[in-house]
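Starting from 1, each residue takes its place in the sequence as its number.
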Amino acid sequence: MRRAAMAGLAAGALLLLACSVGVEPDDEPRADGPAERGSSAPAGSVNADAATTADAIDQLRAGTAFVDQTSFRADVDIASQISTLSQTDNVERRAVSTVSVGGRGWEIRMIDEDVYMKTDLDLPGVGHDWMVLDRARVPSAFALSFEPGKNDPSGSARLINAIVTARADGPRISGTLDVTRIGSGNGISFRPGPAGEFPDSVRNQAFHASLDAEGRLVDFLIPEANGAPSASLRYSEFGAPFEVVRPDGAVKAPDALYPQLGLGG
């Protein structure tokens, strides 16, 4: 099994609401075989013309309209190493997210314009108490925002924008995407391997997505293949109420925190 290298934490950088796993050279080429053991997902291109692909992409984009309309839960898993759970209500301007990396991590709470954070990671110059963040100092790639286009804690738009081919079969959509176009930000991110470059094979990475009976996106899955680890995004609990409480005794985040926010090298 490939060992996926986590970006950022190894360099002492905190990954705010987003994590990245390195892509290694694919030393086990599989011409037309399954993308991962036990999966029938094709590693090659989906036979879809431009119109078919555009139609499938339109369905996926329409399937994320709920982000601006109702509360929802989002779960992200990358290589079974990094997991995030977010509950968001952009209408009421409330959100809470937890990130776990090897049993440790952090929690972020957002209420209107206020952002609170607590971490049990040992970050230089940063304690373990609840902190109030200055949103203006948080890296722009990590959207701590309720504004449309910046308010999805799982970054589904970056995945959809990276699609190369796609075909819809009822509520199921399958295709390929270009990992190099996903970029970094909330949710699923990948980074180049030790050589600093992505292998060409990840420009044709398989994915599978599902819509529910109301046309909402409920999962987006990327099987392990081509040196890239598996990753999954799942949405659920649409319209379900949840509570976000302002933590007592939160202190102003120290200056030492902000240089450690983001994806380190």
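No side-chain heavy atom of Val164 sits less than 4.5 Å from a side-chain heavy atom of Arg203. Tyr235 has its side chain out of reach of Asp212: every pair of non-hydrogen atoms, C-beta onward, lies at least 4.5 Å apart. Between Val179 and Phe198, the closest side-chain pair of non-hydrogen atoms falls below 4.5 Å. Looking only at side-chain heavy atoms (C-beta outward), Pro254 and Met131 come within less than 4.5 Å of each other. Contact check for Val244 versus Arg93: no side-chain heavy atoms found under the 4.5 Å cut-off. No side-chain heavy atom of Pro199 sits under 4.5 Å from any side-chain heavy atom of Asn226. In this structure, Thr64 and Ile160 have side chains that are in contact, with non-hydrogen atoms separated by less than 4.5 Å. Phe220 places a side-chain heavy atom less than 4.5 Å from the side chain of Leu177.
Atom CG of residue Asp152 and atom CG of residue Asp68 lie 9.0 Å apart, to the nearest 0.5 angstrom. The line from CG of Asp200 to CG of Asp178 is 9.5 Å long, rounded to the nearest 0.5 Å. Note that CG of Leu133 and CG of Leu257 are 5.5 Å apart. Values are rounded to the nearest 0.5 Å. Glu92 contributes atom CD, which lies 9.5 Å from atom CG of Asp112 (distance to the nearest 0.5 angstrom). Between Phe190 atom CZ and Ile222 atom CD1 the span is 4.5 Å, to the nearest 0.5 Å. Put simply, OG1 on Thr70 and CZ on Phe72 are 9.0 Å apart, with the number rounded to the nearest 0.5 Å.
Judged purely by atom type and a 3.5 angstrom limit, Arg104 uses its side chain to pair as donor or acceptor with the backbone of Asp120. Side-chain atoms of Gln205 come within 3.5 Å of backbone N or O of Ala225 as a donor-acceptor pair. At least one donor-acceptor pair closer than 3.5 Å links the side chain of Asn90 to the backbone N or O of Val67. Under a 3.5 Å cut-off, the side chain of Thr84 and the backbone N or O of Thr98 do not form any donor-acceptor pair. A donor-acceptor pair is defined here as one N or O able to donate and one able to accept, closer than 3.5 Å; no such pair exists between the side chain of Arg109 and the backbone of Asp114. A donor-acceptor pair is defined here as one N or O able to donate and one able to accept, closer than 3.5 Å; no such pair exists between the side chain of Tyr116 and the backbone of Ile111. Using a distance-only test at 3.5 Å, with no hydrogens or angles considered, a donor-acceptor pair links the side chain of Thr119 to the main chain of Gly105.
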Original post:
Would Arg73 and Asp75 count as a salt bridge (Lys or Arg N to Asp or Glu O under 4.0 Å) if you check the C-alpha gap in whole Å, the side-chain angles of each, and the deciding distance to 0.1 Å?
Top reply: CA-CA 7 Å; Arg73 169 174 168 161; Asp75 291 83; 2.7 Å; yes

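Considering every non-hydrogen atom in both Ile173 and Ala56, the closest pair reads CD1-O, 3.8 Å. The minimum heavy-atom distance between Leu233 and Ser154, with the atom names listed, is CD1-CB, 3.2 Å. Here the shortest heavy-atom pairing between Phe242 and Arg94 reads CZ-O, 3.8 Å. Of all the heavy atoms in Ala256 and Val126, the pair that sits closest is C-CG2, 4.2 Å. Taking all atoms of both residues into account, the shortest heavy-atom contact from Lys118 to His128 is CE-O, 3.2 Å. Nearest heavy-atom pair across Ser156 and Leu217 is CB-CD2, 4.5 Å.
In terms of hydrophobic clustering, with Ile, Leu, Val, Met, Phe, Trp and Tyr side chains grouped at heavy-atom distances under 4.5 Å, Leu121 and Leu85 are assigned to different clusters. Val218 and Ile163 fall within a single hydrophobic cluster, where Ile, Leu, Val, Met, Phe, Trp and Tyr are joined by side-chain heavy atoms under 4.5 Å apart, directly or via other members. Met110 and Val245 fall into different hydrophobic clusters, where Ile, Leu, Val, Met, Phe, Trp and Tyr residues are linked whenever their side-chain heavy atoms come under 4.5 Å apart, directly or through other members. Hydrophobic clustering, with ILVMFWY side chains joined whenever heavy atoms are under 4.5 angstrom apart, groups Val115 together with Tyr258. Put simply, Val96 and Phe146 are part of two different groups of oily side chains (I, L, V, M, F, W, Y) that touch within less than 4.5 Å, one to the next.
With no hydrogens or angles considered, a side-chain donor-acceptor pair links Asp219 and Ser210 at under 3.5 Å. A side-chain N or O of Ser97 and one of Ser86 form a donor-acceptor pair less than 3.5 Å apart. Inspection of the Thr52 and Asp49 side chains reveals an N or O donor paired with an N or O acceptor under 3.5 Å.
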